[in-house]
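Data block below; observations after.
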Amino acid sequence: MLGRRGRMWVLLASGALLVAGAIPLFRGGVAPVAAVGASQPASAAPGEAPRRSRGEAPGRTEKDQAGELVAHLARTAAALEHEEETKRRELLDVDPTLPLEAQQSAFLDRLSAAGGVDPRAPDAHLVRSQATELFLRLEPVQARLAAMPVDERRAALAGIRRRMGYSEEMIARKAAEDVYRDARWENGHAYMKARAELFSRLEQGEALEAELRSLRERYFGHEAPTIAREEDAGFFRFQRRRVLGRN
Amino acid sequence: MKKLQVSGRARLLLLSLAVSAPAVLAGCGLGQLMSAPWIPDADNDNVVFLGDSIFALSGDIQKAIHIEAGGTFRNYTTSGAELEGGVITPSIRGQFELAESANPNSRIVVMDGGGNDILIPTIALADPYDCKTQWYEFGRLSQSCRDYIDDIYVDGADLLNDMAASGVTDIVYLGYYYTKAGLLGADDLDEAVDYGDQILATACSNSVVDCSFVDPRPVVTNADVKSDGVHPTTSGSNKIAGLIWAELEPRL
């Protein structure tokens, strides 16, 4: 569903289609609400309003102008989206061949430059946790962690948190959470396997439903109704992406 | 008109400077420095408030509810709190653990949570999950933000179920209203707020506890949000308190 801003732009675009060429067009503003001539596409820096071109081509209908406006809007939007995505990739790309420590260092340097806050700084308490999560979510980082034996992975996670400025107490607490989460996922995967086995053995019907209820209670105890409701909605939490050190 | 540009560090400083003087005396954590004082011992200890700076920064929501109730409830809300994470500030889960260790009789929890999990990376870490929906995204929330918020759903549902296992029978869960352009740079988040409220409401209804989700979006307007773009003014706090009280009173 479109949000308030999305609805606003749909309305603006619709309005532009109706009145293109009939009203003076905006100059300035934070978004390009302007018509452009087909022969002279207006140029504008990303985020800057395109200028209306002077000297409309003769014989063009209002429909033509409206179409050009929509096309220009779409091109500008695509360019801005591409620019934003490029910046984000530059921020989040880490060299998969580097060791974890070097990946983290490069990542934090870029993050500090882009965000203006270095999560390693002693006073950066508010962002430390989220910066750590962001680093852990990176694909090359997860690939390295997933490839490690459990003990090595736990040491690596402690190292990541230590370099991020966590206290030894917090590192120990997070390590305990990791152990708990590993057990949750192991249990969840075992449940999914048993669930698939049930589906292969039984037809849809009351017998299957009863077995499923019993299975969920065995694996999840008091949380079984939550798992059932999620499955009814098509959400399978143990099929989503595992982020070691995070979920 | 050019937007006011405030760097990530400056935004954090602004957030940190939003300190009420009495709160400085209240606790030792950074989040507590920016929060109304905790109330570990209240007139009614069965009810405990947990959450982030929507509650904690001014404390006005809880004050208004105390007036309605004619007495106080316990309070552990802390500015900067995330659902699970956080280094210094106790997370919402950490607040619950503190509340339980002080008095394990919490029966009703009034809470919010999840907002900082989205807001902090968005405003201070260059929006890495693309949770801001700029005009050129035409109201489409990015898939990366949706995936990120889906993890918050699981954290939320697990937390509510763990509360139920600890003896909590009722939860009133406050969702989030729309932020606005302001000093914290929290504009362009309408779609993330919509999706976030959707998944928090789902966590509430999927949990095994009797959980009521309070949606402030229809009543909290831009005029009810401070110039930082995030926190409620007194009028906003009073509106939110009214919504919560309507759900809380029948449960007392």
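Panel note: side chain A/K174, backbone A/R161; no donor-acceptor pair is recorded below 3.5 Å. Although no hydrogens or angles enter the test, the distance criterion places a donor-acceptor pair under 3.5 Å between the side chain of A/R110 and the main chain of A/E90.
Both the sub-6.0 Å distance and the 45° axial angle are not jointly satisfied by B/R217 relative to the ring of B/Y176.
Between chain A and the options B/D162, B/D158, B/D127, B/V193, the largest number of non-hydrogen pairs under 4.5 Å is found for B/D158. Between chain A and the residues B/T202, B/D147, B/D117, the most heavy-atom pairs under 4.5 angstrom are made by B/D117. With chain A as partner, the option from B/S91, B/P128, B/A126 having the largest number of non-hydrogen pairs under 4.5 angstrom is B/P128. Between chain A and the residues B/L160, B/L141, B/N161, the most heavy-atom pairs under 4.5 angstrom are made by B/N161. Interface remark: of the candidates B/E84, B/E137, B/E82, B/E82 forms the most heavy-atom pairs closer than 4.5 Å to chain A.
Proximity to chain A (any heavy atom under 4.5 Å) is shown, for B/Y195, by neither the backbone nor the side chain. Of the two parts of A/R89, neither the backbone nor the side chain holds a non-hydrogen atom closer than 4.5 Å to a non-hydrogen atom of chain B. There is no contact between A/E177 and chain B, counting heavy-atom distances below 4.5 Å. Both the backbone and the side chain of A/L134 come within less than 4.5 Å of a heavy atom in chain B. When heavy atoms are compared at a cutoff of 4.5 Å, A/R184 approaches chain B solely by way of its side chain, counted from C-beta outward.
B/S207 meets the side-chain hydrogen bond (donor to acceptor under 3.5 Å, both in side chains) test with no other residue; sequence neighbours excluded.
Ion pairing between A/R88 and A/E84 holds under the 4.0 Å rule for side-chain N and carboxylate O.
A salt bridge (Lys or Arg N to Asp or Glu O under 4.0 Å) with A/R216 is found for one member of A/E231, A/E223, A/E209, A/E230 and no other, namely A/E231.
Within the structure, disulfide bond (SG atoms under 2.5 Å apart) pairs that include any residue of residues 218-247 of chain A do not occur (at least two apart or interchain).
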